[in-house]
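Inspection log for the structure reproduced underneath, given as structure tokens.
These numbers come from a predicted model, not from an experiment.
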Amino acid sequence: MALSKNYIPQEVENKWYEHWMTKGYFNSVPNEKPVYTIVIPPPNVTGVLHMGHALNNSVQDVLLRYAKLKGYNTCWVPGTDHASIATEAKVVAMLREKGIDKNALSREEFLAYAWEWKEKYGGIILQQLKKLGCGLDWNRTSFTMDEDYYKAVIDVFIDLYNKGHIYRGVKMINWDPKAKTALSDEEVNHKEVNSKLVYVKYFLSMSDASESMSDVRDSMSGNTIEETSRTSNLEGESPEHRTSNIEHRTSITIATVRPETILGDVAICVHPDDERYKHLVGKYCYVPLINRKIPIIADEYIDMEFGTGCLKVTPAHDINDYNLGLKHKLPVIDTLNEDGTMSEAAQLYIGEDRFDVRKKIVEDLQAAGHIEKIEDYKNQVGFSERTDVVIEPRLSMQWWCKMETMAKPALDVVMNDEIKFYPPKFKNTYRHWMENIKDWCISRQLRWGHRIPAWYDEQGNFVIAKTEEEALKAMSDVRDSMSGNTNLESTSPNIEHRIPDIILTQDPDVLDTWFSSWLWPMEVFGWNKNKEHNKELDYYYPTATLVTAPEIIFFWVARMIMAGLEYKQQIPFQQVYFTGIVRDKQGRKMSKSLGNSPDLLGMIDNFGADAVRFGVLIASPAGNDLLFDESTCEQGKVFGNKLWNALKLIHILNEKERSVDETESVIFPSLWFEQRLHEVQLLVENDIKEFKLSEALKKIYSLIWDDYCSWYLEWIKTAPDQPMNEYNSSKANFFFEELMKLLHPFMPFITEEIYHQLKERAEGDDIVQQTISHATDINRAILEQAEILKHIITAIRDVRVKQHLKPKDEIALFLPEAYKQKLQAIEQVLQKQCFATSITYTNETVANAISFVVGKLQCYFTTEKEIDNSQQFEQLKKDLDYYKGFLISVEKKLGNEKFVANAKPEIIEGEVKKKNDAVEKIRIIEESLTLL
RNA sequence: GGGAGCAUAGCUCAGCUGGUUCAGAGCAUCUGCCUUACAAGCAGAGGGUCCGCGGUUCGAACCCGUGUGCUCCCACCA
């Protein structure tokens with residue numbers, strides 16, 4: 001059949017994916033084979049395919065398809081993450097467009113919309129992965145809010161609660177005023193921003209002058225060590241300071257980047273050793289604009305060098321201030337509402353946005369004479385990972401998970417390489433986090449997610465239970481035991497008569513998304529439903545490899561390890577491969593906000609999925625960032641075309657008449673390529689083991705383009721009217737098949753197509769199902785022979801170009817004796833490729849010949865055509881200079897007593913040989929020169 | 001502020017335990033070619049103070065120190 005001129009991926013890719021699906025090739029069931037499992041990092045259900053996914057999933061697909069080639073039972077589990085914040089934000093936006101306010105809906109109504117949205121738009125990304133060619137076991141598609149998954153999350157919550165790992169408490173959390181929810185520390189990104197550092201004067205309360213330290217202490221609750229030392233400092237104060245400072249000072253100046261929080265100030269704090277302010281400690285001043293009286297306290301936390309050395313203390317809106325407040329038992333005044341507007345407690349600007357107030361209050365302070373100066377200032381501000389708004393530190397009641405006991409074993413398995421990290425540098429990052437781990441804020445003020453199984457009565461007492469019924473029972477038990485009523489009645493099965501007087505409401509909050517995804521490698525195999533005799537789990541878990549981005553090492557990787565060890569007493573995966581960050585040509589991270597992320601589906605349409613995979617993988621060195629440029633996809637497309645044309649040539653050769661001749665000279669190309677193929681197969685195996693996928697692909701690319709197409713096919717092909725050698729013909733077909741297998745993990749579609757175009761295949765004989773075996777012994781002698789042939793051929797071509805000889809002008813070739821043994825039996829190849837009429841082996845200088853160098857040996861050829869002697873002369877002079885210089889350096893080395901004394905014998909031997917070679921070479925070149 | 005990593009051809013990167021597989025590959029560039037699979041091609045070639053400076057060594061792209069320049073992670077300096 002006639003093949004199209006060029007390869008057209010669009011015509012074959014969908015066809016093959018459907019074929020693979022129909023045949024169920026990606027579906028895995030436990031069997032006797034060794035298993036290789038990967039669970040996909042579940043993309044957000046709201047997600048669409050971007051470069052990060054393309055890289056991440058191409059890598060996984062390569063690993064799995066390669067494992068399958070090596071005979072493993074492979075299983076790649078697909079799925080999506082419910083992504084509570086991201087999805088809820090999308091649903092809220094969708095509702096807003098419809099003119100519906102989220103808050104006007106009941107929880108049930110909202111969730112109905114959310115599910116509807118999920119069914120409609122969720123999981124688009126999974127369809128896109130099919131376009132990319134990813135061989136996922138679609139029968140196993142999971143979702144982190146599937147019914148069983150939901151139960152598993154709740155069960156784990158309850159279990160951890162019962163173990164005492166989960167508790168409820170008021171702490172300073174990161175508040176996202178847009179999503180109106182708490183965030184974990186990991187969900188906050190710090191960015192440097194340009195701010196204004198405002199210097200604000202607080203007027204002192206003059207009446208304080210008479211107040212004694214004991215009054216001050218009374219006004220706070222309790223004596224602390226801090227206060228004692230402060231007292232002694234004050235006593236040691238020098239008279240100079242009193243005169244120089246106190247008399248003139250009627251105000252104290254602080255520096256702040258958040259002037260709007262002034263309204264929540266409860267103290268001014270200075271360093272106890274700060275001579276400038278010692279006399280003020282224990283006195284009072286007034287909060288500007290609202291004139292609330294607050295104390296001036298001292299604490300070593302203060303950096304005397306920064307700003308004025310005075311810190312305004314606002315416990316409600318800063319974690320440090322909060323800690324200071326705790327220490328000094330200060331009150332908390334929360335001046336912000338949950339949406340980031342000013343609260344009643346602020347007294348001023350009530351209901352106005354925090355950023356508007358920041359500007360306004362400066363104006364008002366200015367007007368009231370409180371501003372000393374304003375400076376430009378750069379500082380780090382926390383932003384919400386999801387909504388990108390500025391985070392507010394906020395005190396609130398949340399659910400927490402203690403991490404320390406779970407972190408220890410999870411740290412160990414990574415440090416002792418039970419789980420191997422690639423690249424290993426991430427072990428450090430991991431250790432640092434695990435050793436300084438903090439409790440995990442797991443509650444989110446959202447509706448989309450796993451609802452916290454806590455039930456409250458009217459008094460705010462709560463119980464943890466799976467269902468309302470169980471909660472009711474548990475609550476009555478609690479009440480009974482509290483009232484000391486632990487008699488017959490409490491064990492009575494008759495719950496009903498006790499229920500009516502209890503009204504329970506479930507906690508409105510949901511759990512952090514990662515509190516469900518940390519169960520992913522277990523729960524996709526039905527862990528929670530069947531823990532004891534779960535054949536699937538036993539077979540597939542621990543999984544082989546996790547491929548993910550380093551950004552989520554704490555969010556996800558660490559927590560999966562903890563969950564695996566806690567609940568399965570086993571690691572969840574044997575190795576973790578961290579891919580790099582995808583950047584654009586200018587090195588910028590690809591992101592939606594920058595708009596520098598290319599349209600992946602458009603690229604697949606344009607270049608074909610194989611070419612896109614090629615482009616992504618060739619540019620992705622192990623563990624480094626990927627600087628992505630569409631031109632590499634172009635290269636992939638061109639490569640596909642090259643394969644297509646090689647196929648066309650094979651077809652032509654296959655249709656030729658056959659000859660049978662198995663002399664070494666005729667079949668040498670096939671003997672050689674077999675060795676070369678094995679050599680590369682071994683190298684590729686090694687590269688893939690170390691996740692050097694770009695290296696592996698480069699080697700395969702070169703094996704196909706250079707070795708197979710440029711050398712091998714040229715060596716075996718015969719003139720149009722000549723028959724084709726049977727041995728070479730069948731080998732050429734065989735090698736092509738093997739090459740397609742080797743390339744298949746990287747470019748699955750075209751390799752499948754070519755595999756079928758090579759010959760008629762039986763039903764089910766598809767490349768995706770094939771395995772390969774690797775030779776262990778490689779015949780190096782054959783490889784060396786071929787290298788010499790290649791070098792001679794290239795050298796002659798080079799001379800032809802320089803001498804303006806046509807490629808087919810006939811020559812008589814003279815080679816050194818050293819090549820006789822290696823080349824004599826296969827010299828037909830040489831003759832054919834060089835258009836040599838004869839080949840002679842001699843160490844003598846050849847007259848009227850063109851000389852050239854191969855390796856270190858002098859070769860010649862003669863031709864009937866006119867030769868340009870001057871060119872030849874120049875070349876020889878250049879060579880001569882080089883070898884003379886080389887000889888001097890070698891002699892110098894050998895003349896160095898220390899070198900001879902210290903270097904290994906084989907090194908010295910090598911140097912001696914180099915010297916002799918150089919001497920001989922110089923002799924021959926000089927002889928040639930005299931002949932010219 | 002703490003930690004990690006990187007610096008090799010115009011670009012993107014290989015260079016394992018220091019020693020001719022040690023200065024490499026692919027793009028890009030240049031020069032010939034429409035040679036009967038492929039001009040999305042074929043054949044050939046030219047490109048590098050291996051970031052600077054010191055040190056260890058007979059010998060350093062490689063080991064050590066230091067400087068410079070990038071990148072990333074962590075961190076509560078208002």
Query - Donor on one side chain, acceptor on other, Tyr199(A) and Glu375(A), under 3.5 Å - result: yes
Using the [atom1] atom on both, measure [N] against [M] and round to a whole Å.
| N | M | atom1 | result |
| --- | --- | --- | --- |
| C63(B) | C50(B) | P | 16 Å |
| U12(B) | U57(B) | C1' | 34 Å |
| G47(B) | G54(B) | C1' | 30 Å |
| G15(B) | G48(B) | C1' | 14 Å |
| U35(B) | C51(B) | P | 45 Å |
| U68(B) | U29(B) | P | 38 Å |
| G1(B) | C64(B) | C1' | 27 Å |
| A14(B) | C53(B) | P | 24 Å |

Query raised in the report: Hey, does Asn654(A) have a side-chain heavy atom less than 4.5 Å from the side chain of Ser729(A)?
Result: yes
Of all the nucleotides listed ([options]), which has the minimum atom distance to the side chain of [X]?
| X | options | value |
| --- | --- | --- |
| Ile652(A) | A37(B), C73(B), A78(B) | A37(B) |
| Asp706(A) | G26(B), A37(B), C76(B) | G26(B) |
| Phe306(A) | G19(B), C77(B), G26(B) | C77(B) |
| Lys692(A) | A37(B), C74(B), G15(B) | G15(B) |
| Phe899(A) | G26(B), C73(B), C58(B) | C58(B) |

Report task. Identify the heavy atoms of Cys834(A) and Ile796(A) that sit nearest to each other, and give their distance. Result -> SG-CD1, 3.6 Å
Requested in this report: Determine which bases of RNA chain B form Watson-Crick or G-U wobble pairs with both distances under 3.5 Å, and write the result as a 5' to 3' dot-bracket string with | for other-strand partners.
Outcome: (((((((..((((.....[....)))).(((((.......))))).....(((((..]....))))))))))))....
Measure from the ring center of [X] to the ring center of [Y] and say whether it is less than 6.0 Å.
| X | Y | result |
| --- | --- | --- |
| Tyr708(A) | Phe736(A) | yes |
| Tyr577(A) | Tyr422(A) | no |
| Phe426(A) | Phe421(A) | no |

Report task. Please name the residue in the list Tyr701(A), Trp644(A), Phe607(A) that meets the ring-ring contact (aromatic ring centres under 6.0 Å, His included) test with Phe639(A). Result -> Tyr701(A)
Report summary line: Nucleotide by nucleotide, nucleotides 39-45 of chain B touches protein heavy atoms under 4.0 Å in the pattern (B base, S sugar-phosphate only, - none) SBSSSSS
Report task. Give one of base, sugar-phosphate or nothing for Gln635(A), where a contact means two heavy atoms less than 4.0 Å apart. Result -> sugar-phosphate
Query raised in the report: Looking across every strand, which nucleic acid part, if any, lies under 4.0 Å from Tyr430(A) by heavy atom: base, sugar-phosphate, or nothing?
Result: nothing
Report task. Check the surroundings of atom NZ in Lys427(A): do more than 12 heavy atoms from other residues, nucleotides or ligands lie under 6.0 Å from it? Result -> yes
Report summary line: Output for pair (Phe614(A) CZ, Leu697(A) CG), nearest 0.5 Å, gives 5.0 Å
